[in-house]
Amino acid sequence: MNALISLHNAAFDLIERAGNWLMPLFARFTFAAVLLIYYWNSGLTKLGDGLFGVVSPSIGAYSQIFPKQLEAAGYDVSQLGVFHWAVVMAGTYAEFILPLLIVIGFATRLASLGMIGFVVMQSLTDVYGHGATDAKTLGAWFDRASDSTIMDQRLLWVFVLVVLVVKGAGALSVDALLRRRQDDAST
């Protein structure tokens, strides 16, 4: 029996050590495979027309982020203030920059924290701004259905991001490269 326990412990010690570099890499891969294009496409819908579209968001950007305020303004973006513009621009840029940072593994912990905040705000906007309160979309935890967009799906997104906050980007990342350079320079 002791030999079996020793074999078990040796095998899983090896797996645990491999997990220290494999888990962050797999979490970043999962994020890229599932969410990178989703967020970039969402960001593209918020950009305005032409060259200045990067500083002049589309009406769709305001309708996605401030649906009730835009409706109250009669869908006239000029009735909204600088605050609304700044939030829309920050959200738009975040949809491009934060996923990129996560995928390349640069400032990964901070970018992942930012994405967690983004997912929370996105979910709150969906519920309170867009009225996504139907049982199928909102869902519930600890039920037999595992396919709701907000409670189930976004919990899984946040879990992947929490892995990156806790573990960092892993060995195959810009963060690791910079850390190795810093270690080399200090010796």
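If you read the sequence from its start, that first residue is 1, and numbering goes on from there. Reckoned from all heavy atoms, side chains included, excluding hydrogens, waters and symmetry mates.
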Could you tell me whether the side chain of Trp85 and the main chain of Val55 form a donor-acceptor pair under 3.5 Å? yes
Please tell me if the side chains of Trp40 and Leu44 come closer than 4.5 Å, counting only heavy atoms from C-beta onward. no
N/O donor-acceptor pair under 3.5 Å between Trp141 side chain and Met151 backbone: yes
Under a 4.0 Å N-O cut-off, is there an ion pair linking Arg180 with Asp175? no
Return the minimal non-hydrogen interatomic distance between Pro99 and Ala94, and the atom names on each side. CD-O, 3.2 Å
Could you tell me whether the side chain of Phe83 reaches within less than 4.5 Å of the side chain of Phe66, counting heavy atoms only? yes
Can you find a pair of side-chain heavy atoms, one from Leu98 and one from Tyr93, that are under 4.5 Å apart? no
Go through the steps to decide whether Tyr39 and Gln122 satisfy the test side-chain hydrogen bond (donor to acceptor under 3.5 Å, both in side chains), and finish with yes or no. CA-CA 11 Å; Tyr39 278 111; Gln122 174 186 7; 2.6 Å; yes
Is there a continuous path of hydrophobic side-chain contacts, each under 4.5 Å between heavy atoms, that joins Leu80 to Ile59? yes
Ser112 side-chain N/O to Arg109 backbone N/O, donor-acceptor pair under 3.5 Å: no
Using the rule given for salt bridge (charged side-chain N to carboxylate O under 4.0 Å, His left out), can you reason through Arg154 versus Asp126, listing the C-alpha separation, both sets of side-chain angles and the distance that settles it, and then say yes or no? CA-CA 12 Å; Arg154 295 192 184 156; Asp126 286 344; 2.7 Å; yes
Does atom CE (Met23) have a neighbourhood of more than 12 heavy atoms from anything else shown, all under 6.0 Å? no
Is it true that a side-chain atom of Tyr75 and a backbone atom of Ser63 form a donor plus acceptor pair closer than 3.5 Å? no
To the nearest 0.5 Å, what is the distance between CG (Leu177) and CZ (Phe106)? 10.5 Å
Return yes if some donor-acceptor pair links the side-chain N/O of Ser56 with the main-chain N/O of Phe52 below 3.5 Å, else return no. no
How far apart are the closest heavy atoms of Val54 and Met89, and which atoms are they? O-CE, 2.7 Å
